[in-house]
Every structure is written in C-alpha cells, then in structure tokens.
Amino acid sequence: MNRNTIRLVVILAAVSIIGIVSTQIFWVRRAFDINEDRFNETVSIALSAVAQRLFDYNRQTIPSQNPVKQLTDNYFVVRVNDVIDANLLEYFLKDEFRKRHLQTEFEYSIYDCSSDQMVYGKFVALDSTFKDKKSTVNLPKWDKTTYYFGVYFPAKNNTIIGEMQIWLFSSFVLVLVAIFFSYTLFVILKQKRLSEIQKDFINNMTHEFKTPIATIGISAQTLRNPKILENPDKLNKYIDIILEETNRLKKQVESVLQIAVISGNELKLRKELIDIQTIIEKAVQNVKPILETKKGSIHYEFSATQSTIAADSLHLTNILYNLLDNAVKYCDKIPQLHIRTFNENNGIVIALTDNGIGIDKKSQKHIFEKFYRVHTGNVHDVKGFGLGLHYVWLMLKAHKGTIKVQSELGKGSQFIIWLPFK
Ligand code: ADP
C-alpha cells in the first residue's frame, strides 16, 4: 500500500469511527428523552388518578382544571385543597404507581395551603412500593385545614437509564468496536513507520557499503598496473585510500554488529570498577582523528568528586565514543565540545555539549529509536545507520542509567548521561 492510500484509509476510518459514535450518542440521547417524556406522562396520569381517588373519598367534586403540575424535572405537585389522610395518600400513590409499573422510589410531602408550610413528608423505598399492599403504620390524618401534596422522584434518571438496557449494551459493544478499530489503525501506522524506517536503513546501508567497496576495487585495479611501482608516491596514495576505506567499512560493520549482538542475546555486562574520567579520555582518543580533521577542540570540566563506578568499560567507552562521534559528525562549524562530570542523586552525570546543527523538538523524541535518522533532506550528507544512539540507550538501560537530550536547531545539543553508583 502506498503512503497516500494508507493516509486515505486512516482518514476514512477515523471519520467513520467518529460518525458511528456520534450517531450512537444522538440516538441514546433521543431514547433517553422519549423515555423521560413517557415517565413524566405516566407519573402525571398516576397522580391524576390519586387525586381523583382522594376527591371521591372526600366526596368532593373533581375540579375542571388538571390538579397535577410538574414543577421541576422530578418534582410534581397535586392541588387537592381538602383534607388529606397521609395513610390513604401513601396507599393510593403506591397502588397507582404499581398499576402503571412505575418502579421507582419517591418522597411525598403534604403542605398547608394557606401557609405553604410542609406538615408531613415521607420517603418510600423501591421495595416497599411494590411489596406492601397497605400501609401498616398509623400515619396522621390532616383534616384541620386544606392541603396539597408534592411527590419527588430522587432516582428518576436512574430509573429511565435502567429501562434503556438494550441501548447501554449496544453502546458498550460500539465502544469495544471503536477501541478495537482504533487499535488496528494504530498498529497499521506503526507498521508503516517501521517499514519506512527499515527501507531507509537498507538503502542507506547499500549505499554506505557500495561506495567504499567500489573505491577499494578501483584502487586495487590501479595497483595491478606495473607502472605504478615506478611511482612510490602514487603507490602510497592508493594504499592509504584502501586502508582508509577498509577502516570506514570496519566501523560501519561494527556499528551494525553492536546492535545485532544486543538484539539477539540476553546482554551480559562485564562490570568492573572503573574511573569515568579515564573512560572519557579513552573515548576522546578514539574520536581525535576525525576531530582533528575538522580542527575541533574539547574542553573538560571534571567536577565529580566520586568518579569510580561499577560498569562495563568496553560498552561505556562505546557509549561515549558514539556521542562524541555524533557531536563532531553533526557539526557544520569548527566543533567545540564540552564535557562535564558531576555527582547527582547517588550517581555520576556526564554532560556532553556540542555546537552542532542541533535537533528539532519532534525528532528529539525519536533519536534513540532503532534505525531512526533525522531527515535532513540529503540523507547521505552525513553517514550513519541510525543505530548509534539506540545502542547508547540500550546500554545505559542495561546499566540502570538514563540519557536525556536538550537541543536547539542551529545552536547545538547537550546529551546528559546519569549512571547510578549502585
Ligand atoms: P546515525 O548517526 O548513525 O544516523 P544515531 O543513532 O547516532 O545514528 O543518531 C540518530 C540521529 O540523531 C542522527 O541521524 C542525527 O540526525 C541525530 N543526532 C545524533 N546526535 C546528534 C548531535 N550531536 N547533533 C545533531 N544531531 C544529532
């Protein structure tokens, strides 16, 4: 699949996930509204029936105006304007709700019409609504003045949601599908990135190996010419070229092998007590030739009072060499390196600062990944396989250490290593 097709598939998939989820939210909301209207209607009808029964009981004529009024989402009042027997009211409420399968808890309260003061209130739990046929306790009978009563449904939303089980189930299934779908997209994108990175690596490696091999071949052919023996200067020049290119090849093969060895096996460190300052100096010796060709300089600031650490000296030298090599490689001016050591958090910090090309914020997150190289436009401008920093990261992890990078494009970078004493 090419890059554009994958992008199109990802966009379409994301749009369809958003579309399906939005439609589901819309329909769940609609279903809730419809159920809420039905609940309100059933309550109004049940309360009208209760009022009717109270009027009949008090031998009153039924008012022409509907006595039931919904004041808020879950609060209803019923104007009776007559004597109310709490016992009877509770019985009528339970009975009418039961008849209409209104399975919810409620609170009812009786108010004095003249003062609007509550004279009596009671909470009726869900089970008692549907179990007791008739109240057994003696509730008061209010007959001194006229009254109205209010009914409050504290669990109205829960009752409605409880009736929407099929919707909840379908939403749950949809969320699962959306998660699965998103995960698949994530895997596709990750695979795509990986395959692009690997393709880059293979292209890069082919190029990096082909050039020195071709140069060595041509130089060897030239050396075969008997005339060259008469010109020792030329002879030496070609021998130097062969040696230089062989060295380059050796370094490249080593960098690939470093990673291949770690990736293939369980890493075994040969730890010994070493002095960090000595290791730094050793790594600097290795990088000296390329530093000198660029006329660069290194400034040291060894402030660590405790610089002995248990570590694998070979790997630690490689770590520092890789960082120093990069600091010189990725520098478009005269390299000026600064190495600082100091003690922190029961360990030792080695900070290497360069005045190189710097790394943008986005790439900083990826530079420690296998095969990752910052896209500079011209890939072969600076040679490399994107393995050096991955090796550094793996090795520091094996030493229980950490590495951080701070960098600004055009100004330079700072790599900060921390290694614990224990
Ligand atoms: P390589 O150097 O072989 O490409 P590395 O893993 O050593 O691979 O580095 C990964 C990338 O990080 C490099 O391609 C380079 O773009 C960037 N990088 C590493 N060190 C520096 C540095 N000191 N200054 C600027 N860029 C750097």
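Whatever order the structure lists ligands and atoms in, that order sets their numbers, starting from 1. For clarity, every value in this text was computed on a predicted model and none was experimentally measured. Numbering starts at 1 and runs along the sequence shown.
Residues that satisfy the side-chain hydrogen bond (donor to acceptor under 3.5 Å, both in side chains) test with N343, not counting sequence neighbours, are T305.
For ligand 1, the atoms lying closer than 4.0 Å to a non-hydrogen atom of I367 are 12 (O). Short contacts between ligand 1 and F415, defined as distances under 4.0 Å to a heavy atom of the residue, involve ligand atoms 20 (N), 23 (N). Residue contact check: S413 has heavy atoms under 4.0 Å from atoms 24 (N) of ligand 1. Heavy-atom contacts of L387 reach the following atoms of ligand 1: 6 (O), 8 (O) (cutoff under 4.0 Å). Atoms of ligand 1 found under 4.0 Å from any heavy atom of G386, numbered from 1 in the order shown, are 1 (P), 3 (O), 4 (O), 6 (O), 8 (O).
Ring orientation note: the planes of Y300 and F302 are tilted relative to one another, at an angle of 30° to 60°.
In terms of heavy atoms, G347 sits closest to W418 at CA-NE1, 3.7 Å. Heavy-atom minimum distance, Y108 versus A86: OH-O, 3.8 Å. In plain terms, the two heavy atoms of A31 and M164 that are nearest each other are CB-CE, 4.0 Å. Considering every non-hydrogen atom in both V328 and K294, the closest pair reads O-NZ, 2.8 Å.
The shortest heavy-atom distance from G356 to ligand 1 is not under 4.0 Å. By the 4.0 Å heavy-atom criterion, D354 is counted among the residues contacting ligand 1.
Proximity annotation for atom 25 (C) of ligand 1: of F201, Y372, Y330, Y330 comes nearest, heavy atoms only. Looking at K370, R373, E208 and measuring to atom 4 (O) of ligand 1, the nearest heavy atom belongs to R373. Comparing heavy-atom distances from atom 27 (C) of ligand 1 across L389, I359, V374 singles out I359 as nearest.
Within the 3.5 Å criterion, the main-chain N or O of I359 finds a donor-acceptor partner in the side chain of Q364.
Neither the backbone nor the side chain of F368 comes within 4.0 Å of ligand 1, counting heavy atoms alone.
Here's the thing with I357: none of its N/O atoms is less than 3.5 angstrom from an N/O atom of ligand 1.
Here the CD-CG distance, from E272 to D312, works out to 7.0 Å after rounding to the nearest 0.5 Å.
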